[in-house]
Amino acid sequence: RNQIHPKWYIRCVLLLVAVLHTRYHVSFRACALILVCMETIFMGLPGNLLGPRQMPLTLGTTFSHMGLQDDKFTLHIVCPECHQLFPRTIDSATRCPECTVDLFAPAKQQLFQAVVATVTGNRQPPSRKPHLVAPIQLLSDGLRDLFQRPGMLSAMNLWKVRHQVEGESRSIQDGEVWNTIKDHNGHKFFFAPGCENEIRLGVSFSLDWFGRKTSNFGPSHSSGVMSF
Ligand SMILES: [Zn+2]
């Protein structure tokens, strides 16, 4: 419980916004407003009610503290013209060296920021937001994360001892590709000499962008990046 937050009343607030969002579809911004208001109240009351640890002020951080969100994606800034990727840490005045277009939109005070500034009295100048961003997780990072999960290693090898029925196709291991695909030496990839002592991973890609959604970063289209 202390991992969520050491103060019990702050844990209650975090639980409240988590339930409001997941059960009653209260938006991310509304949840953030509740969190900012509650933090302002705690700061204004006598005594150090917040304690040494900062209170989460967004729903994403709340889920992360509660162990409910564990995505490993890294946001990259994307040039809206040539789609070149840039690290998230670049200065907001940066232009794409190829197209010389601005990577960030002009600073604009959002209504939500104005409300937060009014509530907290903390008036920050509006920041510039990138025109386009892309969440990326490298395959190597994903595999490392996968193998660190308990039981994954033995699960990877289960197919080697599974019972196969002649003439029946029950899994991907019964398919033609699995049984014929070659490795770089020309041996069968999953049945090469010595492969019983190593793990050979077949990687397949699938893509489903049917559920198109727009956002501030992609107002007229959805985007994704895939390398193979
Ligand atoms: Zn560019």
Side-chain angles (χ1 to χ4, degrees), residues 1-78 87-92 104-138 141-142 144-146 148-151 211-219 222-224:
R1 291 184 302 173
N2 279 354
Q3 283 182 342
I4 302 173
H5 199 282
K7 302 292 186 186
W8 65 267
Y9 40 86
I10 292 181
R11 288 200 297 273
C12 287
V13 174
L14 301 182
L15 182 64
L16 171 71
V17 293
V19 171
L20 284 176
H21 176 75
T22 53
R23 180 69 180 85
Y24 300 103
H25 312 293
V26 173
S27 69
F28 274 72
R29 288 199 164 183
C31 290
L33 190 57
I34 293 172
L35 291 168
V36 169
C37 289
M38 293 307 297
E39 190 207 34
T40 307
I41 292 170
F42 290 139
M43 283 188 340
L45 290 171
N48 183 16
L49 291 182
L50 288 174
R53 189 157 145 206
Q54 198 181 9
M55 178 176 160
L57 297 179
T58 65
L59 192 57
T61 316
T62 301
F63 282 151
S64 174
H65 281 224
M66 298 177 95
L68 298 175
Q69 184 169 287
D70 192 25
D71 69 45
K72 300 285 193 300
F73 286 90
T74 306
L75 277 185
H76 289 260
I77 292 166
V78 186
R88 191 78 173 93
T89 50
I90 58 170
D91 189 85
S92 61
F104 288 78
K108 195 168 72 176
Q109 177 87 324
Q110 302 283 340
L111 179 61
F112 176 71
Q113 291 167 332
V115 171
V116 170
T118 305
V119 170
T120 62
N122 183 15
R123 294 190 180 277
Q124 303 266 355
S127 57
R128 297 180 68 182
K129 288 196 166 19
H131 284 296
L132 196 63
V133 296
I136 291 177
Q137 186 191 39
L138 294 177
D141 293 341
R144 187 167 54 241
D145 180 51
L146 193 70
Q148 284 173 347
R149 297 182 189 181
R212 185 180 76 84
K213 267 191 168 180
T214 57
S215 68
N216 288 340
F217 299 116
S222 64
S223 63

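Here CD of Glu39 is found 10.5 Å from SG of Cys37. Values are rounded to the nearest 0.5 Å. Thr62 contributes atom OG1, which lies 10.0 Å from atom CZ of Phe28 (distance to the nearest 0.5 angstrom). With values rounded to the nearest 0.5 angstrom, Thr74 atom OG1 is found 7.5 Å from Leu138 atom CG.
Closest approach of Pro130 to Arg88, counting heavy atoms only: CG-NH1, 4.0 Å. Contact detail for His65 and Ile4: the closest heavy-atom pair is ND1-O, 3.3 Å.
Looking at heavy atoms from C-beta onward, Phe63 lies in side-chain contact with His21 at the 4.5 angstrom threshold. A 4.5 Å side-chain heavy-atom check between His76 and Val133 finds every atom pair outside the cut-off. Considering only heavy atoms from C-beta on, His5 stays 4.5 Å or farther from Val13 through its side chain. A 4.5 Å side-chain heavy-atom check between Leu14 and Leu35 finds at least one atom pair inside the cut-off. Contact check for Ile10 versus Leu50: side-chain heavy atoms found under the 4.5 Å cut-off. Between Ile34 and Leu20 there is a side-chain heavy-atom pair separated by less than 4.5 Å.
Screening Leu57, Leu59, Thr58 against Thr61 for a side chain to side chain contact (heavy atoms under 4.5 Å, CB included) leaves a single residue, Thr58.
Using a distance-only test at 3.5 Å, with no hydrogens or angles considered, a donor-acceptor pair links the side chain of Thr40 to the main chain of Val36. At distances below 3.5 Å, not a single donor-acceptor pair connects side-chain atoms of Tyr9 with backbone N or O atoms of Phe42. Here the side chain of Arg128 pairs a donor or acceptor atom with the backbone of Ala105 at under 3.5 angstrom.
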